[in-house]
S.K.: 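The structure is given below, and queries will be raised subsequently.
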Amino acid sequence: MKLTMYLSKLVGTAALAATVPLVAQAVAIQTVSAQEITPYSVIVNSSGDGDIRPDDALTLREAISVVNGTLPVDALSAAERARVTPAASPSINFSLADDPTIELVEPLPPIMAAGTLVDGASQPGYGPLSTTDTMVTPVPTPVVALTPAAGAEVLRGLTITADAVTVRGLSLYGFSSKHRSTQTTPPADILITHLVPPVDAGLPDPPGWRTLLPNEDSDAPVGVVIEDNWLGMSPSGEMPPVEQMSALGVVVFNGLDTVIQRNRIEFHEGSGILTAAQAMGMDVTENTMRTNGVAGIPDGIRLDGNIDGAQIHGNLICGTDGSGVFMFKPEGSARIYGNDIRFNGRRFRRAAIYLMGNGHEVTENVIQHQPGPGVAIASYPRSEGNIIRNNTFAALDGLSVDLGHNDNSGIQDFQRKDGPNPPRNSSMRRRDTANAAINAPEFDDYVFPSSGGSATLSGVADPGTAIDIYKVVDRQGYYGALNEYVTTVSADETGSFSVDVNAPDGTLLSAIATDDVYGTSEPSAITAVGTLGDGPTTPAMPSCEIAQDPPEPEPELPPEPLVLRIPRNIHFALDKSDISPASAVIMDEIIAVLEEYPFITVELQGHTDPRASNAYNQALGERRALAARNYLLQRGIAAERMRIRSFGETQRVSSGSGRIDYARDRRTEFIFTDTRGLDIIYENLETDLQLE
C-alpha cells in the first residue's frame with residue numbers, strides 16, 4: 001500500500017488494470033550477482049542503440065548484457081570481442097569517437113552483475129572541472145550522455161539491481177513517462193531496486209504491487225555508489241527543454257547503504273532524490289541540487305519508507321519548488337547536518353526541512369530565504385525526539401523551529417506548520433503536538449540591562465533541558481530567525497536558568513530548549529540587551545553561493561536609485577497557458593533587465609478571467625505563472641530569483657465582461673523587487689492581448 005500511495009502522489013490517481021503478465025515478466029528478471037559468471041571489462045565504442053547483433057559497433061546495451069552474462073562473448077563479432085577482456089571485476093568503459101550522446105530507443109537492461117563499474121570518466125576528453133561558483137564540490141564536466149531518442153518514451157536511464165555497482169561521470173536526462181490510464185512506475189535517471197518493475201503498475205492485489213515490494217527474501221542492492229554525475233541536464237549544463245526534462249533524479253526504491261555523492265542534480269520535474277520502500281544507511285553528500293521539483297513532487301530530497309541510518313550532509317539544496325528535504329511517514333531516523341539549504345519554496349510555501357517520525361537530528365545547517373519555517377515537525381503521525389541544534393537561520397517566513405499541533409489540520413499546516421504553540425497545559429498535549437509539546441523557553445523580561453557589553457539573562461523552561469541562546473535577525477513581531485549561536489545553559493530541576501552573555505546594546509536574543517527524550521522546542525519570544533530596537537535584517541540577495549566567511553568588504557558609496565521602465569505583464573489566450581510570440585518579445589525584454597541587474601528578484605503571479613470554477617481558475621493561474629517561469633529558466637535566469645503564486649480570478653484588472661476586459665484579465669504579472677530596497681518604475685503593456 002505504501003508504494004501505491006506513493007505512485008498516486010507521483011502521477012495522480014488512476015484506475016487499476018489487471019495486467020498480470022507485466023508483473024510476471026518483472027518477476028522473471030532477477031539479479032545475477034550470485035551466479036558464476038566471468039567478469040569482463042567492456043569498452044563501448046558506439047553511441048547507437050537498438051537490436052543486439054554482431055557488427056563492428058559495441059553499444060552500451062550490448063555491454064550491459066555482456067557484463068550481466070546474458071550475452072555470450074562468442075556471440076559477438078571479432079571486432080566487438082576485441083573490446084571485451086577478462087577482468088578482476090566487471091566494468092563498462094567508453095571510447096566514443098563521434099557523438100558521445102547515447103540516444104536510447106527503449107529501456108536498457110538492468111545492471112545485474114555485482115561490483116560493476118559504469119565509468120563515464122574513461123571517455124577521452126573527460127576531466128575539466130565545472131566553473132559554476134555555486135557548487136559544493138566541483139564536478140568534472142561529463143562527455144558521455146544518456147537520453148531518450150526523439151519520440152521514444154524511456155522511463156529510466158540506468159536500473160541497478162546488484163550490489164556494489166558504481167555509476168560515475170555520466171550525464172543522464174530526459175527520462176520520464178507519459179500519462180496513461182494505469183499507474184506508472186517511477187521514471188528516473190537512475191533507479192536502485194531489488195526487482196525491475198514494469199512500466200504500467202495499475203495491477204490489482206494479488207498479485208499486483210505486493211509482488212514487487214521487498215520482503216524478507218528480497219535481495220536489496222547493497223553499497224551502490226552514484227558519484228560525479230550530472231543528472232537532469234546535458235553536458236552543456238543548460239536546462240533541457242520541457243519535453244526533455246527527467247521526472248526524477250535518483251530513486252532508491254529498495255537499497256541498503258547507497259552512496260550518492262558529488263553529483264549535480266538539477267532541472268527535474270520532481271525530486272532530485274526520492275526514496276520509496278527502503279533506503280537504510282543511505283549517504284547523500286556533497287551534491288549540488290538546484291531547480292528541482294518544477295512540475296511534480298516539489299521537494300529537493302523526498303524521504304519515504306525505511307530510512308533508518310540515512311545521512312544527508314554537505315549538500316547545497318537551492319531553488320527547489322518545495323522543501324529542501326521533506327519526509328512522508330518514514331520508518332527509522334535520519335541525520336541532516338552541515339547542508340546549505342536556501343531559496344527553496346519557489347512554488348509552494350513549505351518549510352525548508354519538514355520532518356515526520358522520531359529521533360531525527362538536524363544540526364549545523366545553513367537554512368535561509370524560505371517562505372515558510374526553517375524546520376517543521378509533523379504532529380501526526382506522532383513525532384518525538386527530534387533534535388534541532390546549532391543551525392544558522394535567516395530570512396524565514398515563519399519560526400526557525402515549528403512544532404505542529406493536531407488541531408491544525410489544513411493543507412498549509414502540513415506544509416508550513418502553524419506558528420507558536422501555547423505553553424503545555426495538560427498531559428494530552430504530550431500526545432497531540434510534535435516533540436511531545438516541549439515548552440519553548442520563557443525569558444523573565446523583554447529587555448535585560450547591559451554593563452560593559454554583557455548581560456545576565458534569566459528565564460524558565462522544562463526542567464533539565466539544554467537552553468541554546470541565539471542572536472536573532474529578521475525580527476517578525478515577537479519572534480525572529482535564530483541566526484548566530486551564542487551559548488548553552490541547562491535548566492535546573494525547577495526549570496530555572498541564568499546565563500551571562502557578551503552582547504552589545506540593542507542585540508536581540510532568542511532561545512530553544514532540547515530534551516534528550518522529547519527533542520527540541522520552538523524558539524522563545526525575543527528578548528533584548530539594553531534596548532529593544534528593530535534589530536538587524538538579512539538582505540534577500542538572489543544567490544545560491546555556499547555560506548562561507550567572505551573577505552572584508554571595501555567601503556562602498558550608497559547605490560544610486562534604480563529607475564527602470566520595465567514590462568510588468570504578459571497575456572494569454574482563452575484557457576491557454578502557452579507563451580505567444582508577442583508575449584515572448586515582452587519576456588525577452590524582462591530577461592534583458594534581469595541579466596543586467598542580478599540584484600532584482602521577481603514574483604510571477606498568474607491570473608485568469610472570471611469564467612469557470614474557482615478551483616479550475618486557480619490551477620490555470622498557476623500554469624500561466626509556471627509557463628512564464630519556465631521561459632525564464634530556459635534562458636538562464638536562476639530559480640532562486642523567482643517565486644510563483646496563483647490568484648486565479650480573484651484579482652481582475654477590469655470589472656467589465658467584454659472581450660477586451662477578459663483578455664486583460666488573462667495574464668501573468670511580474671512583481672519585481674530590488675533587494676537593495678530601491679524603487680522600480682513599472683510599465684503595463686497590452687501589445688500581446690489575445691482576444692477570443
Side-chain angles (χ1 to χ4, degrees), residues 298-299 303 320 322-328 336 339 341-342 344-345 348-363 365-424 429-442 461-462 465 467-468 470 472-483 510-515 518-526:
D299 311 302
L303 301 175
T320 298
S323 295
V325 181
F326 189 96
M327 295 184 180
F328 183 76
I336 303 170
N339 302 284
I341 303 175
R342 59 178 69 195
N344 297 293
F348 294 104
R349 300 181 66 192
R350 290 187 173 177
I353 298 176
Y354 189 95
L355 303 180
M356 284 188 182
N358 304 317
H360 306 298
E361 295 183 17
V362 179
T363 59
N365 301 281
V366 174
I367 300 174
Q368 299 182 359
H369 302 282
Q370 186 77 18
V375 179
I377 307 176
S379 56
Y380 182 85
R382 191 169 177 179
S383 302
E384 293 182 4
N386 298 291
I387 306 298
I388 320 296
R389 301 185 73 179
N390 299 321
N391 300 283
T392 297
F393 298 95
L396 305 176
D397 184 9
L399 299 176
S400 297
V401 182
D402 196 341
L403 308 183
H405 182 267
N406 279 353
D407 286 351
N408 301 307
S409 56
I411 186 171
Q412 288 301 317
D413 298 314
F414 278 94
Q415 293 182 346
R416 303 182 59 231
K417 302 324 301 173
D418 47 20
N421 292 328
R424 191 175 60 253
R429 289 291 310 282
R430 289 289 196 193
R431 310 178 82 182
D432 64 18
T433 304
N435 275 3
I438 179 172
N439 279 323
E442 294 184 20
D462 284 357
T465 55
I467 314 299
D468 295 333
Y470 286 82
V472 165
V473 298
D474 309 311
R475 177 181 176 184
Q476 298 177 2
Y478 294 108
Y479 297 88
L482 306 178
N483 184 250
S510 180
I512 50 178
T514 298
D515 183 281
Y518 296 127
T520 301
S521 74
E522 294 181 340
S524 71
I526 290 172

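Only a predicted model underlies this, so the values are computations on that prediction, with no experimental measurement involved.
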S.K.: Minimum heavy-atom separation for Asn435 to Thr520, with atom names?
M.R.: ND2-O, 2.8 Å
S.K.: For residues Val375 and Asn391, determine if any side-chain heavy atom of one lies less than 4.5 Å from a side-chain heavy atom of the other.
M.R.: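 The answer is no, as the side chains (C-beta and beyond) never meet within the 4.5 Å cut-off.
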S.K.: Between Asp432 and Ser379, is any pair of side-chain heavy atoms under 4.5 Å apart?
M.R.: no
S.K.: Okay, side chain of Asn390, backbone of Thr363: is any donor-acceptor separation there less than 3.5 Å?
M.R.: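 No, because the side chain of Asn390 does not come within donor-acceptor range (under 3.5 Å) of the backbone of Thr363.
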S.K.: Can a donor-acceptor pair be found, under 3.5 Å and without considering hydrogens, that links the side chain of Ser510 to the backbone of Tyr470?
M.R.: no
S.K.: Look at the side chain of Asp299 and the backbone N and O of Val325, then say whether any donor-acceptor pair between them is shorter than 3.5 Å.
M.R.: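 Side chain of Asp299 to backbone of Val325, a donor-acceptor pair under 3.5 Å: no, none is there.
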S.K.: Within a strict 4.5 Å, meaning less than it, do heavy atoms of the Ile353 and Ile367 side chains meet?
M.R.: yes
S.K.: So, for Ala440 and Pro523, which heavy atoms are closest and what is the spacing to 0.1 Å?
M.R.: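 So the minimum-distance heavy-atom pair works out to CB-O, 3.7 Å.
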S.K.: Please check if the side chain of Asp515 supplies one atom and the backbone of Tyr518 the other of a donor-acceptor pair under 3.5 Å.
M.R.: yes
S.K.: Does Arg429 reach the main-chain N or O of Arg431 with its side chain, forming a donor-acceptor pair under 3.5 Å?
M.R.: no
S.K.: Enter the distance from Leu403:CG to Leu355:CG here, rounded to the nearest 0.5 Å.
M.R.: 10.0 Å
S.K.: Checking Asn344 side chain against Gly322 main chain: does a donor-acceptor pair fall under 3.5 Å?
M.R.: no
S.K.: Examine distances only and state if a side-chain atom of Asn386 and a backbone atom of Gly357 form a donor-acceptor pair shorter than 3.5 Å.
M.R.: yes
S.K.: Please check this pair: side chain of Ser323 against backbone of Arg350, looking for a donor-acceptor N/O pair closer than 3.5 Å.
M.R.: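 Side chain of Ser323 to backbone of Arg350: no pair is present.
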S.K.: Is there a side-chain contact between Gln370 and Phe393, using heavy atoms and a 4.5 Å cut-off?
M.R.: no
S.K.: Mind checking whether Phe328 and Met356 have side chains closer than 4.5 Å, heavy atoms only?
M.R.: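 A side-chain contact under 4.5 Å exists here.
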S.K.: Can you tell me how far CD of Gln476 sits from CG of Asp397, rounded to the nearest 0.5 angstrom?
M.R.: 6.0 Å
S.K.: Would you name the heavy atoms of Ile467 and Ala511 that are closest together and state the gap between them?
M.R.: CG2-CB, 3.8 Å
S.K.: Pick one: which of Asp462, Asn421, Thr465 meets side chain to side chain donor-acceptor pair (under 3.5 Å) with Asn439?
M.R.: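 Of the listed residues Asp462, Asn421, Thr465, the side chain to side chain donor-acceptor pair (under 3.5 Å) partner of Asn439 is Asp462.
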S.K.: Do any N or O atoms from the side chain of Arg430 and from the backbone of Ala436 form a donor-acceptor pair under 3.5 angstrom?
M.R.: yes
S.K.: For Glu361, look at atom CD and say whether over 12 heavy atoms of other residues, nucleotides or ligands are found less than 6.0 Å away.
M.R.: yes
S.K.: Okay, side chain of Asp474, backbone of Leu396: is any donor-acceptor separation there less than 3.5 Å?
M.R.: no
S.K.: Between Val366 and Arg342, is the side chain to side chain contact (heavy atoms under 4.5 Å, CB included) condition met? List the steps.
M.R.: CA-CA 8 Å; Val366 174; Arg342 59 178 69 195; 3.4 Å; yes
